[in-house]
Amino acid sequence: MTDDVVLEGVFAQGGLLKGNVKPSYDVKLNEREIRLTREGDFIIGFGRDAAPEHKLTFSAPNGERHSLIIDVKQRTYPTQSIKGVPQKTVTPSKDKLARIKRETALVKNARKTDSSLLYFLDDFTAPMRAPITGVYGSQRIYNGTPKRPHYGVDYAGPVGAPVYAPASGKVTLVHEDMFYSGGTLIVDHGYGLSSTFIHLSEVVVKEGEDIVAGQEIAKVGAGGRSTGPHLDWRVNWYGTRIDPQLVLLIAGDK
Ligand SMILES: [Zn+2]
């Protein structure tokens, strides 16, 4: 029965796998139900600190069941010390906490989007061609204070440089100025896969708008917790943070 299963991608923490099975199967990752397209396509993703082994279970309509163990390569992440970000973004004052909480909820909610768009199956391309100055998973120390890891890939670029859609999708969130992330844009690619773009100076698309791969969607900025102008691009599978560079790797684009 597992002969019918195709699974490809990067089998590592931060990796995204694309799979295909008979559409009549029921698929579970550990205990989690995985949604299939009508063609039997699906994706699953692994977070920065995902365990080394995960169980993928396939059940046929006749009750026949089979499991695969997926080995997820454990990575080590660099530490990056960043000095010169606005100190108010490292130790926010109490009166900012309500705002931060509100904004976090907006982002979380957008990433929960569970649409039937099929663009998650497309090959992604980098949102801009520029030197990479920050990577997924790195432990960040801001102005000497250890903070949460970095989950995006950073591209250096001048304020106003165009940002292009890495794949087609629908805009689920536009925010002019979030406390940590400045100008923020989230695009849904379907089946839980989303792209988030932060520190933007301008977003040139609207919430609810359908966008196509390669279209200009925003401009680079330096808002939020940032030392200078750059694009920070993040990829999520629902709440799970994926390494954008691994998504490009399976598409053959680096
Ligand atoms: Zn960043």
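All ligand and atom numbering here is 1-based and tracks the order in the structure. For reference, positions follow the sequence shown, starting with 1.
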Do you know which N/O/S atom name in [X] is closest to the Zn ion (ligand 1)?
| X | answer |
| --- | --- |
| D232 | OD2 |
| H150 | NE2 |
| D154 | OD1 |

Going by atom types alone, do D188 and T113 pair a side-chain donor with an acceptor below 3.5 Å?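 On atom types as modelled, these side chains do not qualify, holding no pair under 3.5 Å.
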Taking the six-membered ring of Y151, is the NZ or CZ of R241 close enough (under 6.0 Å from the centre) and on axis enough (within 45°)?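 Yes - R241 lies over the ring of Y151, closer than 6.0 Å to its centre and within 45° of its axis.
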Please list, chain by chain and in numerical order, all residues satisfying side chain to side chain donor-acceptor pair (under 3.5 Å) with R75, sequence neighbours excluded.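 Applying side chain to side chain donor-acceptor pair (under 3.5 Å) to R75 gives D243.
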Does H199 put an N, O or S atom under 2.8 Å from the Zn ion (ligand 1)?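 No N, O or S atom of H199 is closer than 2.8 Å to the Zn ion (ligand 1), so no.
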Strictly below 4.0 Å, N to O, side chains only: are D154 and R140 in salt-bridge contact?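 R140 and D154: salt-bridged.
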